[in-house]
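Before any comments, here is the structure.
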Protein chains: 2
Amino acid sequence: MGLTKSEIFTKEQNELSTLLKALAHPARIAILQRILISNTCICGDLVEELGLAQATISQHLKELKNAGIIQGTIEGVSICYCINPTTWRLLEKQLGAFLGSYKGETTCC
Amino acid sequence: MGLTKSEIFTKEQNELSTLLKALAHPARIAILQRILISNTCICGDLVEELGLAQATISQHLKELKNAGIIQGTIEGVSICYCINPTTWRLLEKQLGAFLGSYKGETTCC
DNA sequence: ATTTTATATTGCAATATTACGATCTATATA
DNA sequence: TATATAGATCGTAATATTGCAATATAAAAT
């Protein structure tokens, strides 16, 4: 099928998996790291730095934008993408709760 | 294509995205939450609880196992799956570093 | 030895993702 | 106004993912 049965899961489970999916690609991690380091971002730079075609990078940026992880504003000719603080904090919170709920090793395995 | 160009990214970027990909499905999040809560897991329970076919759940468990996130030992007739502490800690560390490198809002967007 | 129980594997159909060339759009500059 | 520049969108090919029925496997109980 290729179609996730979202309706049988909770809102939280679907939201978290959507955010994780947006992060789950090396190019998108690289893009985010680049934004995090420079605290700003112009798509053109990424094309030179990452070694992917301009259309491909634009598509990855779109996915990050759709997930709400980044936001962009027009800056003259180019577009400045940066982290969306609200989503980033949400991600930190949700993931922190999820990962933090592991209480160490069990006896069974 | 559908084929990620892994060779142009760093080992860290590829590793983190692989782990995130394994987590990026509501069913796999639900499975992990179930393991985290009960500190043990038997596949059969999940089939009843999640509303997915047994084959589908077995497949999700396999993906989590392949990513090293869970491990399973044979327990009589059934198999006991639980968190792999090493990978979980790695994930916490890598993700913590990644998410934590965001230093608050910028002036540009 | 046969049957039951629990889980894995196989095969397949539907859909999603990744990547890129080509093209379109909008702004800035000559 | 024409042209250059930055980025988005479209179309398409290749591959991956999701889900399940059917079947296989392996241990336990009868």
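Here is the naming used below: chain letters follow the sequence lines, and residue numbers restart at 1 for every chain.
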When the distance from [atom1] of [X] to [atom2] of [N] is rounded to whole Å, what number comes out?
X       : N      : atom1 : atom2 : answer
A/Ile8  : D/dT18 : CD1   : P     : 13 Å
A/Leu52 : D/dG7  : CG    : P     : 15 Å
B/Ile57 : C/dT9  : CD1   : P     : 16 Å
B/Leu46 : D/dC20 : CG    : C1'   : 17 Å
A/His60 : C/dC20 : NE2   : C1'   : 11 Å
A/Gln59 : D/dC10 : CD    : P     : 11 Å
A/Asp45 : D/dT5  : CG    : C1'   : 14 Å

- Item | Residue whose nearest DNA chain C nucleotide is more 5′ - A/Ile74 or A/Lys21 | A/Lys21

- For A/Ala55 and for A/Thr4, find the nucleotide of DNA chain C with the closest heavy atom, then tell me which residue's nucleotide is more 5'. A/Thr4

- Message: Side chain of B/Ser78, heavy atoms from C-beta onward: which of C/dT7, C/dG21, D/dG19 has the nearest atom to it?
- Response: C/dT7

- DNA chain D nearest-nucleotide lookup for B/Glu63 and B/Gln54: closer to the 5′ end is B/Glu63

- For the side chain of A/Asn84 and the backbone of A/Ile69, is there at least one donor-acceptor N/O pair under 3.5 Å apart? no

- Note on the structure: What one should report as the nearest heavy-atom pair of B/Leu32 and B/Ile83 is CD2-CD1, 3.9 Å

- Message: Parallel, tilted or perpendicular, judged at 30° and 60°: which one describes the rings of B/His25 and B/His60?
- Response: tilted

